[in-house]
Amino acid sequence: MAGQKERAAMNEAGKGVAAMVTACMIWGLSPLYYKLLAHVPPLELLAHRTFWSLIFFGTVLALQARLGEVRRLLLSSPRQVAAVGFAAGMISTNWFFFIYSVQIGRVVESSLGYYIFPLVSVMLGVLVYREGMDAAKAVAVGLAATAVIVLTLGLGVAPWVSLVLAFSFGFYGMVKKYVAAGAVVSVTAEVVLLVPLALFWLWGVHSQGWTGLTGTNLATFGRSLSDSALLMLSGPLTATPLILFSYASRRVTMATVGLVQYLNPTLQFAVAVAIFAEPFTRWHAIAFPLIWVALAIYTLRTWRQERSARRAATSSSTVATVVK
């Protein structure tokens with residue numbers, strides 16, 4: 001019986017790792033998709049991403065008979081609604097700047113942002129939740145800060161795209177601790193709050209000729225079948241990896257999630273340098289290894305802490321069984 005349970009657990013863990021790898025591959029290769037829509041103004045593309053994400057998420061939850069969970073979340077306490085609203089603002093900011101980074105040829109910087117994100121989360125945990133920071137994690141955060149300083153001094157400008165992506169996703173993860181709902185339900189609630197703004201912007205683009213940041217108006221949807229199909233694809237492209245991530249996080253350890261998620265920025269980095277031929281200066285060549293070393297230290301420390309916690313839990317369970 002015990003052997004069957006262990007095999008079942010290993011099988012579930014294997015499925016979780018496969019789901020996590022798939023999610024990170026979609027995220028990591030997504031710059032290729034957004035490059036196909038580089039001619040679409042970023043605010044217009046963001047509005048479509050928000051709208052079609054709601055359509056896809058809503059369909060998934062409707063098939064699972066779970067739409068009522070979204071309604072209950074949005075009609076719950078003011079604190080819950082405020083948390084969902086703040087999360088919506090942060091994820092929308094993250095989506096916009098990622099799209100913008102592809103359009104202005106700064107995917108190298110976006111990959112750096114997602115490398116920095118776990119270390120930003122550590123820093124926010126210390127500042128907001130008063131979580132402890134041991135020497136290893138302090139060194140990791142210090143190396144990340146050094147990398148940012150190197151790029152700022154070397155390039156003459158701070159890697160602001162990287163910092164916005166890292167901090168917006170960091171604040172997003174921070175506030176999600178307050179949202180009493182699963183990943184799919186909470187993200188659906190977030191896009192429910194964002195969709196009125198998205199539809200308002202699309203109305204202005206199509207009816208009023210609004211141009212946004214680029215100074216050009218395309219009103220892309222409906223002009224060509226390929227562009228319209230690609231815009232609709234932004235929904236499943238956004239929703240699918242989040243659903244896979246939610247599936248994986250329930251089946252594998254957080255250390256495994258943390259390790260596998262580095263596949264995302266690694267693929268972004270490879271796409272930026274090998275396919276988009278973005279410049280990779282000597283300053284990048286100094287900063288990126290600093291980040292990689294920081295992440296190695298952070299991941300190793302997290303893995304050891306989790307292993308110690310599992311051993312302690314196993315010992316407690318064994319003692320309890322003996323006492324019985």
Side-chain angles (χ1 to χ4, degrees), residues 23-24 26-27 30 42-43 45-58 60-61 66-101 110 113-114 116-129 131 161-201 234-250 254 257-258 261 264:
C24 289
I26 294 172
W27 281 326
S30 63
L43 282 174
L45 182 48
L46 175 65
H48 276 286
R49 183 177 184 180
T50 303
F51 174 74
W52 295 111
S53 293
L54 177 61
I55 298 299
F56 191 86
F57 276 124
V60 170
L61 291 177
R66 297 175 61 199
L67 283 175
E69 296 179 36
V70 179
R71 183 175 64 253
R72 285 192 293 273
L73 177 59
L74 292 175
L75 295 177
S76 59
S77 68
R79 180 178 178 179
Q80 283 288 295
V81 176
V84 172
F86 184 78
M90 290 299 98
I91 198 62
S92 183
T93 300
N94 190 271
W95 287 354
F96 172 80
F97 278 95
F98 178 72
I99 291 168
Y100 189 57
S101 72
S110 75
Y114 290 112
I116 293 175
F117 153 66
L119 304 175
V120 168
S121 295
V122 171
M123 186 182 68
L124 290 175
V126 172
L127 296 176
V128 178
Y129 296 113
E131 295 176 356
V161 170
S162 306
L163 295 174
V164 170
L165 288 173
F167 276 91
S168 61
F169 211 50
F171 280 117
Y172 178 72
M174 181 190 73
V175 77
K176 293 283 274 191
K177 290 180 179 288
Y178 295 104
V179 179
V184 176
V185 171
S186 60
V187 175
T188 305
E190 290 155 24
V191 291
V192 165
L193 297 181
L194 291 170
V195 152
L197 295 174
L199 292 177
F200 178 70
W201 184 258
S234 64
L237 190 68
T238 298
T240 301
L242 283 170
I243 292 171
L244 290 170
F245 183 87
S246 176
Y247 176 90
S249 63
R250 295 194 299 268
M254 289 309 296
V257 169
Q261 76 176 358
N264 169 22

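A quick note: this is a predicted structure, and the numbers were derived from the prediction, not measured.
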Peer 1: Given side chain to side chain contact (heavy atoms under 4.5 Å, CB included), test F56 with I243 step by step and report yes or no.
Peer 2: CA-CA 11 Å; F56 191 86; I243 292 171; 4.3 Å; yes
Peer 1: Could you check whether any side-chain heavy atom of V187 comes within less than 4.5 Å of a side-chain heavy atom of K176, counting everything from C-beta outward?
Peer 2: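 They are in contact (side-chain heavy atoms under 4.5 Å apart), so the answer is yes.
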Peer 1: Atom CH2 in W95, atom CD1 in I99: separation rounded to 0.5 Å?
Peer 2: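 Here the interatomic distance stands at 9.0 Å.
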Peer 1: Between the main-chain N or O of A181 and the side-chain N or O of E69, is there a donor-acceptor pair closer than 3.5 Å?
Peer 2: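 Pair absent, no side-chain N/O of E69 close to backbone of A181.
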Peer 1: Got a donor-acceptor contact below 3.5 angstrom from the T240 side chain to the L237 backbone?
Peer 2: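 Such a contact is absent between T240 side chain and L237 backbone.
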Peer 1: With heavy-atom distances below 4.5 Å as the criterion, would you say the side chains of L242 and W27 are in contact?
Peer 2: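 Yes; the side chains approach each other to less than 4.5 Å.
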Peer 1: Does R71 have any salt bridge (charged side-chain N to carboxylate O under 4.0 Å, His left out) partners at least two apart in sequence or in another chain, and if so, which?
Peer 2: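 For R71 there are no salt bridge (charged side-chain N to carboxylate O under 4.0 Å, His left out) partners, ignoring immediate neighbours.
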Peer 1: Would you say that I55 contacts F51 through its side chain, given a criterion of any heavy-atom pair below 4.5 Å between the two side chains?
Peer 2: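 The answer is yes, as the side chains (C-beta and beyond) meet within the 4.5 Å cut-off.
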Peer 1: Within the 4.5 Å heavy-atom criterion, are Y100 and V164 side-chain neighbours or not?
Peer 2: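 No, side chains not in contact.
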Peer 1: Looking at every non-hydrogen atom in both residues, tell me the closest pair between L43 and F96 and how far apart they are.
Peer 2: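 Minimum heavy-atom separation between L43 and F96: CD2-CE1, 3.8 Å.
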Peer 1: Is there a side chain to side chain contact (heavy atoms under 4.5 Å, CB included) between V175 and M90 once you walk through the steps?
Peer 2: CA-CA 9 Å; V175 77; M90 290 299 98; 5.7 Å; no
Peer 1: Using a 3.5 Å distance criterion without hydrogens, assess whether the side chain of Q80 forms a donor-acceptor pair with backbone atoms of Y178.
Peer 2: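 Yes: the side chain of Q80 pairs with the backbone of Y178.
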Peer 1: Please determine whether side chain to side chain contact (heavy atoms under 4.5 Å, CB included) holds for the pair F171 and L124, giving the CA-CA distance in whole Å, both sets of side-chain angles, and the decisive distance to 0.1 Å.
Peer 2: CA-CA 8 Å; F171 280 117; L124 290 175; 3.8 Å; yes
Peer 1: State, with a plain yes or no, whether a side-chain heavy atom of V185 is found less than 4.5 Å away from one of V179.
Peer 2: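 A side-chain contact under 4.5 Å is absent here.
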Peer 1: Using side chain to side chain contact (heavy atoms under 4.5 Å, CB included), reason through E190 and F57 one step at a time and then give a plain yes or no.
Peer 2: CA-CA 11 Å; E190 290 155 24; F57 276 124; over 6 Å; no
Peer 1: Is the ring pair F169/Y114 parallel, tilted or perpendicular, if the boundaries are 30 and 60 degrees?
Peer 2: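 Geometry flag for Y114 against F169: perpendicular rings.
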